[in-house]
There are 2 protein chains.
Amino acid sequence: MNDRKQHVIQMAHQLFIERGFQATSIQDILEYSGISKGTFYNYFSSKNELLIALFKALYETMETSRNELLIGQDPSDLEIFVKQIEFQMNTNKKNKLITLFEEVFVSTDEELKDFLKVGQMRMLRWVFNRFIELFGEEKRPYLLDSSIMFLGMLHHNVKYYSIANGASADIYPVVRYTVNRIVNVVDGAAESGDQLNMPEQMNSWLPDAMRSEQDFQDTLYQTISELKENLVSKENHPKSVQLLDFVQDELLHSKKPRKFLIESVLLSIKEEEKLDQKLVNTLNSSVESYFERVAEACEDNKD
Amino acid sequence: MNDRKQHVIQMAHQLFIERGFQATSIQDILEYSGISKGTFYNYFSSKNELLIALFKALYETMETSRNELLIGQDPSDLEIFVKQIEFQMNTNKKNKLITLFEEVFVSTDEELKDFLKVGQMRMLRWVFNRFIELFGEEKRPYLLDSSIMFLGMLHHNVKYYSIANGASADIYPVVRYTVNRIVNVVDGAAESGDQLNMPEQMNSWLPDAMRSEQDFQDTLYQTISELKENLVSKENHPKSVQLLDFVQDELLHSKKPRKFLIESVLLSIKEEEKLDQKLVNTLNSSVESYFERVAEACEDNKD
DNA sequence: TCAATTTTATACAGATAGTACAATTTGAAA
DNA sequence: TTTCAAATTGTACTATCTGTATAAAATTGA
């Protein structure tokens with residue numbers, strides 16, 4: 001993305017943090033970032049569009065860092081989950097994400113609303129997937145309900161704790177406490193068999209395209225990280241690490257990942273005996289299904 | 001309040017429900033309710049002021065009906081609490097209160113924001129007081145945390161359940177489920193001794209004037225209702241019922257309750273042997289402390 | 001009836017979002 | 001360095017909205 005455009009987003013973000021979104025006029029943004037109106041509307045079709053760009057950037061860095069905390073760790077370790085949530089809450093606070101979110105969540109702009117909804121659903125879906133790792137597959141029927149309640153409890157706890165202890169208070173005990181309580185909730189629901197939402201329903205809450213996209217990104221990241229751990233722990237193998245890094249970058253950050261390149265690289269990777277072949281297979285099928293989805297999407301877009 | 005003003009509020013409410021608050025312009029309200037701009041600004045100093053008037057009216061009827069559900073019932077009965085919450089959630093939904101709330105909660109208007117904050121705190125306080133009745137005084141240390149989480153869980157559960165089952169879905173199972181889960185939470189917190197917020201802190205979250213006002217209204221309503229039950233169950237005693245009704249109305253709905261009248265009536269009530277003297281004493285001291293607060297407030301307002 | 005109050009119609013001021021477009025600047029290729 | 005297309009600017013304009021002002025008309029009540 002354009003450097004200048006990026007700069008405008010940053011300046012606007014600063015104004016939003018200081019004054020709020022509604023209270024910041026486009027004129028303010030123009031003056032503060034030193035561009036003209038024409039340029040602004042050349043970059044963004046509206047103030048809302050700018051906000052979406054800002055959210056996208058913040059989401060991306062947040063999701064990346066969140067995933068990095070899990071690399072090489074035990075996915076069923078509650079303490080790791082606490083750290084992941086703590087990190088996200090701190091990022092939220094630093095960027096006033098919650099305030100911004102609330103400020104525009106009820107908006108007349110359908111595009112913005114949908115974007116935010118998808119963001120929420122992605123978060124919910126991530127918590128749900130983590131809960132399955134934390135509580136085990138056998139608790140699955142109760143884990144969508146639990147994820148929903150966890151987010152509700154968390155936000156309320158953080159909100160009131162901040163009122164009571166000042167906005168700069170350490171958030172860790174709040175997250176720890178909330179996770180302890182959700183354990184009670186999961187146990188209680190499982191014991192009584194109470195169920196409100198079927199986990200399968202969640203799929204219908206997300207637009208088709210989203211449905212598998214995040215899962216893909218998460219598992220890709222996870223699998224490749226584990227493979228790299230695999231290599232480093234045994235002996236240094238810079239070539240394979242480079243190959244893995246290439247695949248990851250091409251798939252996550254390129255607009256049009258080059259299929260032939262990735263497939264060729266995957267072949268080389270398969271040759272590497274040092275790697276856990278089960279993980280390699282996961283990676284392979286994950287990439288395959290990705291290209292299937294891309295092909296379908298192309299089919300649909302023929303006008 | 002003026003009939004016409006009331007009519008404007010109703011018409012505006014209808015527009016807010018249909019289009020949302022932001023999307024409704026003052027011009028829309030003028031046309032829809034058939035008044036001129038001059039009249040509107042004669043009634044309300046702004047659109048926000050109108051919204052506050054609307055919220056006040058809705059809150060009042062909601063709190064009244066919510067209290068009525070408890071009359072003559074066992075305050076420790078979970079099922080009654082479920083009914084009270086169910087009623088409030090249905091009222092919320094019918095009037096799109098949550099949407100309206102979210103739409104303006106982050107606003108640049110401090111007066112509106114404070115008003116909404118106080119409303120939230122009153123609800124939290126009410127839940128907390130009910131939780132003490134439901135779970136017992138010995139659980140008090142854990143009940144502020146539990147109230148906070150209960151509201152978070154409840155709103156999230158209602159939200160996602162409505163997404164999954166349509167906005168017209170029966171809300172009862174959601175409330176029942178959430179109450180079951182909060183029981184798990186209270187038990188879990190009590191067992192482990194985890195505590196996040198001290199219940200005493202809640203007082204500092206409310207403006208001074210609010211602090212005792214709602215408690216007063218709730219206990220007044222409760223005590224008088226019980227006294228009336230008391231009379232009816234034994235034999236018909238219209239005079240005492242009239243006296244009790246007068247006290248209640250004078251205290252809750254008059255701008256300046258007449259102290260001499262109420263004290264005189266309370267004297268007559270004390271003579272009535274049919275009444276539970278313990279309840280009469282509760283009523284008496286409650287009224288006494290009310291007039292003390294009024295006196296203090298007068299003292300403060302001397303300019 | 002008559003005076004006070006409420007209501008109306010209408011014009012106006014000040015912000016704001018977004019459009020249109022000609023003039024200017026920039027930057028990269030020739 | 002020159003040239004030319006693209007990016008950027010400045011400015012004027014439209015439309016919408018909130019809120020003010022005020023004179024004229026209608027309503028109310030004594």
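Side-chain atoms are counted along with the backbone in the values below, which use heavy atoms only and exclude waters and symmetry mates. By convention in this document, chain letters (A, B, ...) are assigned in the order of the sequence lines, proteins followed by strands, and residues within each chain are numbered from 1. Please read all numbers here as calculations on a predicted model, not as lab measurements.
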Separation of dA17(C) C1' from Ile29(A) CD1 (nearest whole Å): 12 Å

Residue-phosphate contact under 4.0 Å: Tyr41(B) side-chain N/O, dT7(C) OP1/OP2: no

Could you tell me how far apart Glu31(B) (CD) and dT8(C) (C1') are, to the nearest whole angstrom? 15 Å

For the backbone of Trp205(B) and the side chain of Lys117(B), can you confirm whether one donor and one acceptor N or O come within less than 3.5 Å of each other? no

Measure from CG on Asp3(A) to P on dT26(C) and round the result to the nearest Å. 17 Å

Taking the side chain as every heavy atom from C-beta outward, state whether Ile29(B) and Met11(B) have any atom pair closer than 4.5 Å. no

Figure out the CD/P separation between Gln27(B) and dT18(D), and round it to whole Å. 8 Å

For Ile35(A) and Asp28(B), take the nucleotide of DNA chain D holding the closest heavy atom to each; which residue's nucleotide lies nearer the 5' end? Ile35(A)

Between dG19(D) and Lys37(B), counting only base atoms on the nucleotide and side-chain atoms on the residue, is there a donor-acceptor pair under 3.5 Å? yes

Leu30(A) CG to dT8(D) P: how many Å, rounded? 13 Å

Figure out the CG/C1' separation between Asn42(B) and dT22(D), and round it to whole Å. 14 Å

Using whole Å, what does the distance between atom C1' of nucleotide dT16(C) and atom CZ of Phe40(A) come to? 13 Å

Touch check for Phe44(A), heavy atoms < 4.0 angstrom, all strands: base, sugar-phosphate only, or nothing? nothing

Specify the separation, in whole Å, of atom CG of Leu51(B) and atom C1' of dT18(D). 16 Å

Applying a 4.0 Å non-hydrogen cut-off, can you work out what Thr39(A) is touching in the nucleic acid: base, sugar-phosphate, or nothing? base

Using a cut-off of less than 4.0 Å, is there contact between a side-chain N or O of Arg4(B) and OP1 or OP2 of dT8(C)? yes

Side chain Asp28(A), main chain Ser25(A), donor-acceptor under 3.5 Å: yes

On DNA chain C, check which nucleotide each of Ser25(A) and Gly38(A) is closest to and give me the residue with the more 5' one. Ser25(A)

State whether the side chain of Lys259(A) and the backbone N or O of Phe291(A) hold a donor-acceptor pair below 3.5 Å, judged by distance alone. no

How would you label the contact of Ser46(A) with the nucleic acid (heavy atoms, under 4.0 Å): base, sugar-phosphate, or nothing? sugar-phosphate

Minimum heavy-atom distance between Phe101(B) and Gln120(B), given as atom pair plus value: CZ-CG, 3.4 Å

Regarding Tyr43(A), tell me which of base, sugar-phosphate or nothing describes its non-hydrogen contacts under 4.0 Å with the strands shown. sugar-phosphate

Side chain of Ser36(B): nearest nucleotide among dT18(D), dA9(C), dT8(D)? dA9(C)

